[in-house]
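Here is how names work: the chains are called A, B, and so on, in the same order as the sequence lines, proteins then strands, and each is numbered from 1. Any value given below was found using the heavy atoms of this structure, including those in side chains, with hydrogens, waters and symmetry copies removed.
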Amino acid sequence: MNYEEVMKLALERGFYFPSCEVYSDANAGFWEYGPSGVGLKNKFLELWRRELIRRDGMMEIDGSQIMSKSVFEASGHLGNFADPIIKCTKCNSTYRADRTIAEIANIEIPESADLNEFDNAINENKIKCPKCKGDFGTTKKFNMMFKVGIGPQEEEAYLRPETCQSIFVDFPRLFKTMRGKLPLGIAQVGKSFRNEIAPRQSLLRLREFYQAEIEVFCNPRRLDEVEKFAEIENTIIRVQTDAEPISMTCKEALESGTVPNKFVAYYLGILTEFYEKTGIDVSKSRFRKLGDKEKAFYAEVAFDFEVETTIGWLELVACNYRSDYDLSSHAKMSKEKFEVMDNDEKVLPHVFEISMGIDRSLYTILEHSLKNDKEHERMVLSLKPYLSPVHVGILSLVKKDGLKEKTDEIFLNIKRKFDAFLDHSGAIGRRYRRLDEIGAPFAITVDHQTLEDNTVTIRKRDSMEQSRVDISKIDSILLESVGFP
RNA sequence: GCAGUUAUAGUACAGUCUGGUUAGUACUCGUGCUUGCCAAGUACGUGACCCGGGUUCAAAUCCCGGUAACUGCACCA
């Protein structure tokens, strides 16, 4: 299904909707999750924990969203996360100073240069607004971080633009107190904040968004000593280095030099296995190797995990080999020691990052799962059962003759074990359709026969098949069917 | 941030050009009846003109400003 259909479902069924929508000063780039969206998000994260965190023996932390100025001085975000921008005094169009100057006057000025250099180049080359020929004002730095004032003195601090800085600054304590050993993965789920110039398309470009980030700390001299590599050597990943993505096993990716070492190949492998289990069609995915111009300022090697949707390729995960960029910057700035012992060797660990955009991933799951079943005139959200916000609908065929009471009784026994939804009202077909739209894989219906022999019918979402089972079997059937793989 | 388009119930749309009675339709939603396993029927019901200002006897409708969404451009560390 396309963006429009997913949006309609999201609004009608409580997946997500605009923030503060009752007020006219609501800002762009802020959306909230409703009950169905939260259900899906929680289960997605549980799967992430199982498939990446627990599988690899990582630690998870939960850091502050507001962090001090020094953190971002050290991380480079105060300097590099800002673009030099120029604004036309006539038509208000905003451009990046470095790019506009390069295009018009063919002069390369690095984006980190002094602001005067841009102004001088603009004056000397008489650069005007390409749109209206108006004059540009002076160059300014536009920083994408939200600044906040702490306490009555309003001390300068920032909302984090990525979650991972807590992981870096916490690394020395965690390594010591948690008895760390390289390679060590530290993960965090939480919100990040970026003051985007033009937020667009609901969950796909937000100013406040969820990330699930993993930073794996490693000894840079032992990147090919990865025993776990055997687990994924035959896992197929799709890698794009130039025109087209090519399917290959992790082993082939390594041997052909497409992926630089076993360490990186291993994580690309388990990441693909994770996304396969979310129900996203990974045959429409690719790890796109980024060129020097596209890479973030901290990245040495970078692969974007992208998935094809009806609105084009979407970047869901950034995989960056950040080397010792972060730890050495924080060591220098804080004067703390970030080296650790790896066997008998003292090393400043390198970092491989798997930075996942949760909101975009959820959108992609919805788009890839939503089906129009024309034969039965219904929309079906074919989520993996373990990701569904509602595992099972508990329905009475009719309310009367004691069926309602019997249904309530079954619901009462089940509601703490599974995400169950009780529904008595309206035609049975309509209730099935509603459950189909929020992706509930099962519906249990109580009918007159139930009162005679204690059996119910259980209906499957995708096939619409029904079978009759004893009430005592419900628990074990559901447990087996909606459990995580 | 620029340009264009748009903004009416939970959703999708009509009405606005040409200001004027109770803002209409479909689906949805709630309650009853009916049927008794796949959006049926039936009756009743809930529910909306994006926000602010102006013009006018009178504004959902005209004008100005704001906000948001969509599309394109630019941006996306």
Side-chain angles (χ1 to χ4, degrees), chain A residues 3-5 7-14 17-31 34 72 75-83 85-88 90-96 99-100 103 111-112 129-132 134 142-145 161-162 192 194-202 204-207 209 293-299 302 304 311 315 318 320 355 357 373 375-380 395-401 403 424-437 443-449 456-461 464-466 468:
Chain A
Y3 177 81
E4 234 172 36
E5 301 277 358
M7 193 67 212
K8 190 177 169 191
L9 178 82
L11 291 171
E12 277 189 322
R13 298 289 176 213
F17 46 84
S19 175
C20 311
E21 59 180 338
V22 299
Y23 284 107
S24 60
D25 62 348
N27 294 112
F30 299 90
W31 291 70
F72 300 111
S75 72
H77 284 86
L78 271 171
N80 293 319
F81 202 53
D83 295 329
I85 55 166
I86 43 176
K87 201 170 179 180
C88 172
K90 203 169 146 197
C91 74
N92 250 356
S93 290
T94 307
Y95 299 88
R96 271 188 63 154
R99 297 201 185 178
T100 310
E103 265 170 41
E111 58 173 291
S112 54
C129 173
K131 227 173 233 170
C132 74
F142 175 70
N143 197 297
M144 305 247 302
M145 284 195 292
E162 52 179 11
S192 291
R194 294 179 193 181
N195 201 357
E196 295 283 353
I197 295 172
R200 279 286 162 90
Q201 289 171 315
S202 55
L204 305 184
R205 203 132 148 237
L206 294 159
R207 288 187 165 131
F209 60 100
K293 282 194 176 161
E294 277 185 294
K295 284 188 302 194
F297 60 84
Y298 44 68
D304 276 355
I311 45 176
E315 178 195 338
N320 295 307
S355 173
D373 179 359
E375 190 190 338
H376 300 102
E377 291 181 37
R378 58 174 192 157
M379 296 295 279
V380 190
L395 317 176
S396 50
L397 187 60
V398 291
K399 269 187 266 190
K400 58 188 181 187
D401 304 332
L403 294 190
H424 292 299
S425 73
I428 191 75
R430 182 183 301 282
R431 283 177 276 162
Y432 287 146
R433 293 299 193 278
R434 267 199 293 253
L435 289 167
D436 290 341
E437 286 191 13
I444 284 171
T445 305
V446 171
D447 56 17
H448 289 94
Q449 195 183 327
V456 291
T457 61
I458 183 160
R459 170 195 184 262
K460 291 183 179 167
R461 174 194 65 202
M464 297 170 75
E465 280 168 2
Q466 280 179 293
R468 187 160 278 280

Stepwise side chain to side chain contact (heavy atoms under 4.5 Å, CB included) check, A/Arg431 with A/Leu435
CA-CA 6 Å; A/Arg431 283 177 276 162; A/Leu435 289 167; 5.5 Å; no
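Note that OH of A/Tyr432 is 2.5 Å distant from OG1 of A/Thr445, once rounded to the nearest 0.5 Å.
Heavy atoms of A/Thr457 sit under 4.0 angstrom from at least one base atom. Residue A/Glu375 is out of contact with every strand shown, counting any heavy-atom pair closer than 4.0 Å. Across all strands, A/Gln466 comes closer than 4.0 Å to base atoms (heavy-atom distances). Contacts of A/Lys399 with the nucleic acid, taken as non-hydrogen atoms under 4.0 Å apart, involve only primed sugar atoms and P, OP1 or OP2. Here A/Tyr3 lies in heavy-atom contact (under 4.0 Å) with sugar-phosphate atoms only.
At the phosphate of B/rC75, OP1 or OP2 sits under 4.0 Å from a side-chain N or O atom of A/Arg99. Residue A/Arg430 places at least one side-chain N or O closer than 4.0 Å to OP1 or OP2 of B/rU28. Checking the phosphate oxygens (OP1, OP2) of B/rU71, a side-chain nitrogen or oxygen of A/Gln201 falls inside 4.0 Å. Using a 4.0 Å cut-off, no side-chain N or O of A/Tyr95 falls inside it from OP1 or OP2 of B/rC73.
Distances from the side chain of A/Arg205 to the nucleotides B/rU28, B/rU71, B/rC76 place B/rC76 closest. For A/Met464, taking side-chain heavy atoms from C-beta onward, the closest of the listed nucleotides B/rU35, B/rC38, B/rA39 is B/rC38. Distance from the side chain of A/Lys8 is smallest for B/rU11 among the nucleotides B/rU11, B/rC75, B/rC38. Here the nucleotide nearest the side chain of A/Glu196, chosen from B/rC38, B/rG1, B/rC76, is B/rC76. Between B/rC38, B/rC70, B/rU31, one nucleotide has an atom nearer to the side chain of A/Ser425 than all others, and that is B/rU31. The side chain of A/Ile197 approaches B/rG1 more closely than any other nucleotide in the set B/rG1, B/rC37, B/rU11. Residue A/Arg434 has its side chain nearest to B/rU28 when only B/rA40, B/rU28, B/rC38 are considered.
Between the side chain of A/Arg200 and the base of B/rG72, a donor-acceptor pair under 3.5 Å is found. At a cut-off of 3.5 angstrom, counting only N and O atoms as typed in the model, there is no donor on one side facing an acceptor on the other between the side-chain of A/Arg96 and the base of B/rC75.
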Could you write out RNA chain B as dot-bracket? Rules: Watson-Crick or G-U wobble, both distances under 3.5 Å, brackets [ ] for crossings, | for pairs with another strand, dot for unpaired.
(((((((..((((......[...)))).(((((.......)))))....(((((..]....))))))))))))....
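For B/rC29 and B/rU16, the P atoms lie 31 Å apart once the distance is rounded to whole Å. Comparing B/rU42 with B/rU35, their C1' atoms sit 11 Å apart, to the nearest whole Å. When the P atom is used for both B/rG4 and B/rC64, the distance is 13 Å, rounded to whole Å. Across the P atoms, B/rG41 and B/rC50 are found 32 Å apart, a figure rounded to whole Å.
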Give the B/S/- string for nucleotides 59-68 of chain B, one per nucleotide from 5' to 3', where a protein heavy atom under 4.0 Å of the base yields B, of only the sugar-phosphate yields S, and otherwise -.
--------SS
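With contacts defined as side-chain heavy-atom distances shorter than 4.5 Å, the pair A/Arg459/A/Glu465 does not qualify. In this structure, A/Trp31 and A/Ser19 have side chains that are not in contact, with every pair of non-hydrogen atoms separated by 4.5 Å or more.
A 6.0 Å sphere centred on CD of A/Glu4 holds no more than 12 heavy atoms belonging to other residues, nucleotides or ligands.
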